[in-house]
There are 2 protein chains.
Amino acid sequence: MSRSGSPQKGRDGGARTPVQILDSAERLVQQRGFNAFSYADIASELALTKASLHYHFAGKAELGEALIARYALRFERALTEIDASVGHAGEKLSAYAGLYATVLEGERMCLCGMLAAEYQTLPEAMRNAVVRFFDANEAWLERVLQHGRRDGTLHFRGSAREAARLIVSGLEGAMLVARTYGDVARFQAAAHRLLENVARAPA
Amino acid sequence: MSRSGSPQKGRDGGARTPVQILDSAERLVQQRGFNAFSYADIASELALTKASLHYHFAGKAELGEALIARYALRFERALTEIDASVGHAGEKLSAYAGLYATVLEGERMCLCGMLAAEYQTLPEAMRNAVVRFFDANEAWLERVLQHGRRDGTLHFRGSAREAARLIVSGLEGAMLVARTYGDVARFQAAAHRLLENVARAPA
DNA sequence: GTCTATACAGCGATAGAC
DNA sequence: GTCTATCGCTGTATAGAC
């Protein structure tokens, strides 16, 4: 992670190998789970040795933390992008569901949805990071729902917070189940219906 | 599993040890995942040796299959019980959600929800059994929803099948997320709202 | 920053005595 | 039906050369 004179830099000046490690580990965790992948899996995929991986990430726990941090940051940026480019609240919700669909198309689970299943086996720091991810998603959705309600483009009952929670957990569950059927369309149908039922545009 | 002259029988004549093994393994899988528990965990819990476990269940795959079979059977019986004892469709849906809540109270995930996360690492027979579990739940819910629609006690849009799928995946996701917060109330709120939105009683 | 070599614990599984 | 003993393999992690 140092910025000193070492080879193999990407265009942004960051070292390339750590990124490749994160990419490989991320895919493995999303597809197989944190407890079902090993340093050896990454090493063979990148044609490195296990010892080299430990140079970049001291242990599996640290690798896991870096994984969630990067994933959460990427998600956060995607939400900012939706805020900037998409029109009214209903469209923002659809774009949000689209993020999940893209993940599922790679036959992956949401990283934090997968880690939620393995929650009880995770190191403390990873647990906290998973919860923060859900909190951030919920907060963003709550804001979108509140705006939609205020400007009259969305109608729903109860608090925006509860609706936001239902959307997060509904989409996570739809991914979880749809993946066992290898059927992205099943997710799409559930997501569409979920949004339609939770927060609908006035007729 | 034989019925011949051996010690330690339960009142139904079935051997006791296999049941204890299944109980222990079930709890471990629901809390930690199929890839995060070992024969050694069960052995220490039951004060047996790993070798003894292999006598009852040849391998982890066979144990996993037996686990899902028993869980699915128990769920099926619970659904039959709901059919027999509960009144109209809306109440049946609430009772159905109550089954999930009970599981979550033990800080457990739904067995098949957990296995769905680990799906890509499971032996073929276990994969098929997980899908059959979801199919059975969906079929029961579809039937309840259709009855409710016909007798006018439930209103919802689109097909009963799609609504059933949304309920299954919504409840699975609500469990998954609520468990990371250690908060059964969060599940209850999401479940209530999900049912209210997906299939509501006419005003 | 990557390597070879290795330590050491844990895994699922089996053989064979009792 | 349970035990002891052990096998072969894989897991994470470390030491030290290059």
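Chain A is the first sequence line, chain B the second, and so forth, proteins listed ahead of strands; every chain is numbered from 1.
Y55(A) places its OH atom 16 Å from the P atom of dT14(D), with the value rounded to the nearest Å. Look at CZ on F57(B): it is 18 Å from C1' on dT14(C), rounded to the nearest Å. Put simply, CG on D41(B) is 14 Å from C1' on dA9(C), counting in whole angstrom units. Distance F34(A) CZ to dT12(D) C1': 11 Å, rounded to the nearest Å. In this structure, R16(A) atom CZ and dT2(C) atom P are separated by 10 Å, rounded to whole Å. Rounded to an integer number of Å, the gap from L48(B) CG to dT4(D) C1' is 14 Å. As a whole-Å value, the separation of L63(A) CG from dG11(D) C1' is 15 Å. Put simply, CD1 on I21(B) is 11 Å from C1' on dT2(D), counting in whole angstrom units.
A cation-pi geometry, defined here as NZ or CZ lying under 6.0 Å from the six-membered ring centre and within 45° of its normal, holds between K60(B) and F34(B). Judged by the 6.0 Å distance and 45° axis criteria, R179(B) is not positioned over the aromatic ring of Y119(A).
When heavy atoms are screened at a 4.0 angstrom cut-off, S38(A) is found touching the sugar-phosphate backbone but no base atom.
Closest contact between the side chain of A51(A) and the listed nucleotides dC3(D), dT12(D), dC3(C) involves dC3(C). Distances from the side chain of H56(A) to the nucleotides dG1(C), dT2(C), dG11(D) place dT2(C) closest. For T49(B), the listed nucleotide lying nearest its side chain is dC3(D); candidates were dG12(C), dC3(D), dC3(C). Ranking dC3(C), dT12(D), dG1(D) by closeness to the K50(A) side chain, first place goes to dT12(D). Of the candidates dT2(D), dG12(C), dT12(D), dT12(D) carries the atom nearest the K60(A) side chain, counting heavy atoms from C-beta on.
Rounding to the nearest 0.5 Å gives a distance of 12.0 Å between CD1 of I167(A) and CD of E162(A).
Under 3.5 Å, the side chains of Q31(A) and R27(A) contain a donor-acceptor pair of N or O atoms.
T17(B) has a side-chain polar atom (N or O) that falls below the 4.0 Å cut-off from OP1 or OP2 of dT2(D). Taking 4.0 angstrom as the limit, H54(B) places none of its side-chain polar atoms (N or O) nearer than this to OP1 or OP2 of dA15(C).
Counting only heavy atoms from C-beta outward, the side chains of D83(A) and K92(A) approach each other to under 4.5 Å.
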